[in-house]
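Hydrogens, waters and symmetry mates play no part in the numbers below; they use all other heavy atoms, side chains included. Just so it is clear: chains get the letters A, B, ... in the order the sequence lines come, proteins before strands, and each one is counted from 1.
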Amino acid sequence: MRMIRLIGWRLLQVVPVVLMATVAIFALVQMVPGDPAAVIAGEYATADNIAAIRQELGLDRPVWLQYATWLGGAFQGDLSDSLITGLPVLDEVLRRLPNTLLLAVLALLISIVVGVPLGILAATKSETALDRAATSIASLGVAVPNFWLGMIFVATLSLGLGWFPTTGAVPITQDFWGALHHAALPALTLATAGIAEITRQLRSAMIEVLSSQYARTLRAKGLSRASILWKHGLRNVSLTLLTVIGLVFNHTLGATVATEAVFAIPGAGSMIVSSAVSKDFPMVQGIVFVLVLIVITMNLIIDLLYVMLDPRAAKK
Amino acid sequence: MSHGNDQQGSVSADLRRRQLLKMMGAGTAMALLPNTIASRAVAQDGATKGGVLRLAAPFNPTSLDPVTSGAGSDHMVLYSIYDTLVDFEPDTLQPRPGLATAWEFETPTRLVFTLREGVKFHDGSDFDAEAVKANLERALTHPRSSAKGDLQSLKSVEVLGPHKVALNTSQPNTALPLILADRPGMMASPAAFEGGDRNPVGTGAFRFKRWDDGAVIDLVRFDDYWDEEIPYLDGLTYQVITDLNTGLRSVIAGENHFAYRLNPQQKLVADRVGDRVVVSSAPTVAVYHLVFNYGKAPLDDVRVRQAINYAIDRQAFNQAALMNLGTVAQTMLPPDYWAHDEGLNEFYTLDQEKARKLLAEAGHADGLDLEFFSYSDQASQQRSEVIMEQLRQVGINCRLISASSAEMYQRFMVEGQGDMMMVLWTGRPDPVQGFLFVYGEDGANNAGHVPPPPELAEAMADALVGQTQEERKPAFARMEKAALEHALSSEVAFVPGIEVYSPKVGGYEPNLLGKPKFNRLHLKN
């Protein structure tokens with residue numbers, strides 16, 4: 001019952017967040033100078049030409065009316081049509097989103113699989129050469145821009161060794177292994193930041209737990225180091241880990257913009273860029289709207305997992 | 001890549017049979033047989049048939065309807081789907097038969113085309129004089145038509161017979177044949193006019209299959225193409241990869257076969273790769289130039305415009321921005337081009353003293369501030385910075401303002417903001433088109449909409465009267481000279497057409513227009 005109330009309450013909170021997000025995106029796109037009608041009219045357009053297009057698209061209407069029309073449609077599941085191509089925004093989003101989600105999920109998995117052991121290792125061997133190596137790798141992962149790393153990966157692992165394709169994506173519904181093969185390198189690129197984040201956070205949380213008074217008590221009680229680490233330590237850092245995983249996923253989703261460009265992946269990130277440049281605001285609006293929904297859902301899942309792991313969280 | 005191979009196998013098996021029958025019918029030496037059976041089918045000129053060519057396309061097209069297409073970069077897809085009424089020789093841009101087999105100016109204002117017979121649109125309908133009329137009228141009346149400027153002088157289209165059509169113009173216009181080698185001459189099936197920008201139906205070697213916006217365009221071979229020899233390929237797949245470096249990498253890695261419209265910087269990268277790719281660098285008529293808004297101060301003063309022309313070190317620009325692969329420019333017509341007057345090649349050379357003197361005479365002895373418009377991509381910024389530094393040395397300080405090309409174009413050309421803008425004029429088949437666009441009073445690239453000086457206006461009109469290139473040549477020389485004397489713009493350098501492709505690709509021939517055509521390409525075994 002408490003769980004259901006919690007879910008209901010969180011869902012209610014989603015509404016103003018989504019609304020605010022759409023207003024913010026709309027305002028930002030409006031603030032960018034330029035005119036989608038000019039983009040459509042092309043290189044040799046006349047003023048009349050552009051005015052006619054603006055009228056055809058309803059861009060001559062007041063801004064608030066344009067927003068209200070969009071919002072009205074969005075609530076009925078209609079994200080309207082692209083200004084530039086005339087294609088339904090929802091179709092375009094659904095066509096491109098799977099590529100981006102695959103990257104983000106794969107990157108998250110790599111981050112966890114590599115970051116968690118690395119963090120634990122660094123914590124248990126704290127202040128040794130191993131720890132310093134692990135934290136150095138983590139710092140590097142945070143510091144190195146992933147578009148640069150992506151190019152280095154392509155130059156070595158793709159062009160040099162020929163292990164991975166350099167560009168493109170394969171729909172996962174068409175060819176599962178092909179899709180993974182194409183996504184591997186960009187996901188690895190994206191994962192470096194996540195690995196770093198998870199390693200660092202897990203290390204410091206784990207060190208805190210292991211040096212706490214109750215850990216000392218457990219040791220005094222005669223429990224083995226392994227048992228303290230795996231049974232008590234890990235359970236106590238699980239909340240930190242969960243928080244970091246949520247943050248890493250959301251951050252990774254945003255970072256796909258640059259990575260998709262480097263690997264020429266037709267995903268949501270590259271779509272935001274091209275649409276923003278051509279001021280195709282229904283498109284930008286639509287894709288960001290869907291991404292906001294994904295992030296909110298992710299946060300909701302994390303919150304629910306909190307409650308399952310630590311009943312005290314529900315009371316707060 | 002691996003997906004298509006099985007299919008190719010069966011296609012080539014079928015072709016092999018057809019080829020064999022053909023060869024036997026022609027009484028070809030039977031000694032050839034074992035070879036033919038062993039390999040894939042070989043077309044008459046040695047090109048193999050079959051395979052899908054994968055291209056790294058640097059641009060997502062604005063439209064696949066030639067009438068609404070809004071960028072000179074759309075041609076690389078449009079030429080595959082549509083034939084033009086008139087074609088051109090790749091290396092000289094001389095007109096040659098396309099969908100029209102012959103043409104003749106009955107009077108200076110009446111051009112009669114004889115059309116090719118037996119040509120079909122991809123939807124199965126016949127290409128005829130009625131279709132030509134419908135296409136040209138649509139180009140004149142469509143609200144979003146980008147062809148109106150080119151067809152300004154076209155008054156009416158008359159159908160004289162199923163394969164004969166007359167174009168009546170309001171004034172002599174001998175540029176029309178070559179204008180019709182460009183987008184205005186691309187013939188679409190009238191039945192598909194309503195299909196809009198994304199359902200193209202032409203008569204070209206490839207028909208449209210799919211366009212995932214910003215990602216991929218698939219074209220497949222048109223089996224009923226009028227030229228039975230081509231296409232050799234089963235299809236073309238354009239992968240839209242807007243980052244040129246990524247596009248190039250995809251070719252080096254063997255994922256795509258062909259990358260076009262690369263920058264000189266990428267040629268250096270490709271050269272280092274060795275024999276994994278073939279690098280082609282060829283001259284084009286596309287030119288980087290500074291267009292001025294001379295409808296307002298300070299560029300309404302010819303001395304200031306001349307000063308800019310004297311301040312620019314074209315050779316240094318070529319070296320810094322184009323890796324010395326371009327050709328320095330004086331006018332919009334390149335050296336060695338039929339319409340260009342070679343006597344003008346040294347008209348403006350670097351002379352900072354003269355530039356300063358002209359500026360002082362114009363009242364800017366203490367320096368001059370200009371608003372310089374450019375595009376925001378890295379290569380454009382770099383080119384602009386080279387120019388800004390050169391101008392700074394004579395006391396012209398530029399404030400660089402940049403955004404996407406569409407936006408800057410609108411602000412400069414339509415709204416009249418800014419003083420000058422750096423533009424790539426991609427060139428047109430007929431040399432008069434550029435002059436009309438940039439200097440004509442209604443020219444889309446004449447930001448100030450100032451009427452051209454009388455001697456230029458006269459020369460432009462004369463260039464539309466002569467029938468042969470020889471007859472037109474003197475008018476072009478006058479046009480170039482007038483544009484230079486009045487310093488109406490500042491041409492800096494012609495860009496090289498740089499293509500990088502797999503050694504498997506055969507039959508590629510660069511053209512002077514700098515817009516590659518893929519109709520005759522094939523994939524080797």
Would you list the pairs meeting salt bridge (charged side-chain N to carboxylate O under 4.0 Å, His left out) in which at least one residue belongs to residues 63-75 of chain B, sequence neighbours left out?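 Sorted pair list: D65(B)-R138(B).
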
Which bit of [X] comes within less than 4.5 Å of chain A, counting heavy atoms only: side chain, backbone, both or neither?
{"X": "D442(B)", "result": "neither"}
{"X": "D197(B)", "result": "neither"}
{"X": "S145(B)", "result": "backbone"}
{"X": "R249(B)", "result": "both"}

Partners of D81(A) by salt bridge (Lys or Arg N to Asp or Glu O under 4.0 Å), sequence neighbours excluded?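 None.
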
Name the region of S274(A), side chain, backbone, both or neither, that has any atom closer than 4.5 Å to a heavy atom of chain B. neither

Strictly less than 4.5 Å between heavy atoms, which residues of residues 154-162 of chain A line up against chain B? Please order them by number.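 Only V154(A), L159(A) of residues 154-162 of chain A have a heavy atom under 4.5 Å from chain B.
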
Taking only heavy atoms into account, what residues of residues 92-103 of chain A are found under 4.5 Å from chain B?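 Within residues 92-103 of chain A, the residues that come under 4.5 Å of chain B (heavy atoms only) are E92(A), R95(A), R96(A).
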
When you look at [atom1] of [X], are more than 12 heavy atoms from neighbouring residues, nucleotides or ligands closer to it than 6.0 Å?
{"X": "R61(A)", "atom1": "CZ", "result": "yes"}
{"X": "H251(A)", "atom1": "NE2", "result": "no"}
{"X": "Q55(A)", "atom1": "CD", "result": "no"}

Inter-residue atom distance I265(A).CD1 - I241(B).CD1, 0.5 Å rounding: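 One gets 10.5 Å once the value is rounded to the nearest 0.5 Å.
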
Atom CG in D243(B), atom CE in M151(A): separation rounded to 0.5 Å? 7.5 Å

Could you tell me whether the side chain of D213(B) reaches within less than 4.5 Å of the side chain of L87(A), counting heavy atoms only? yes

Answer yes if the side chains of T167(A) and Q239(B) hold a donor-acceptor pair under 3.5 Å, and no otherwise.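 No, no side-chain donor-acceptor contact under 3.5 Å.
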
Of all the heavy-atom pairs spanning T166(A) and A253(B), show the shortest one and how long it is.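 So the minimum-distance heavy-atom pair works out to CG2-CB, 3.5 Å.
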
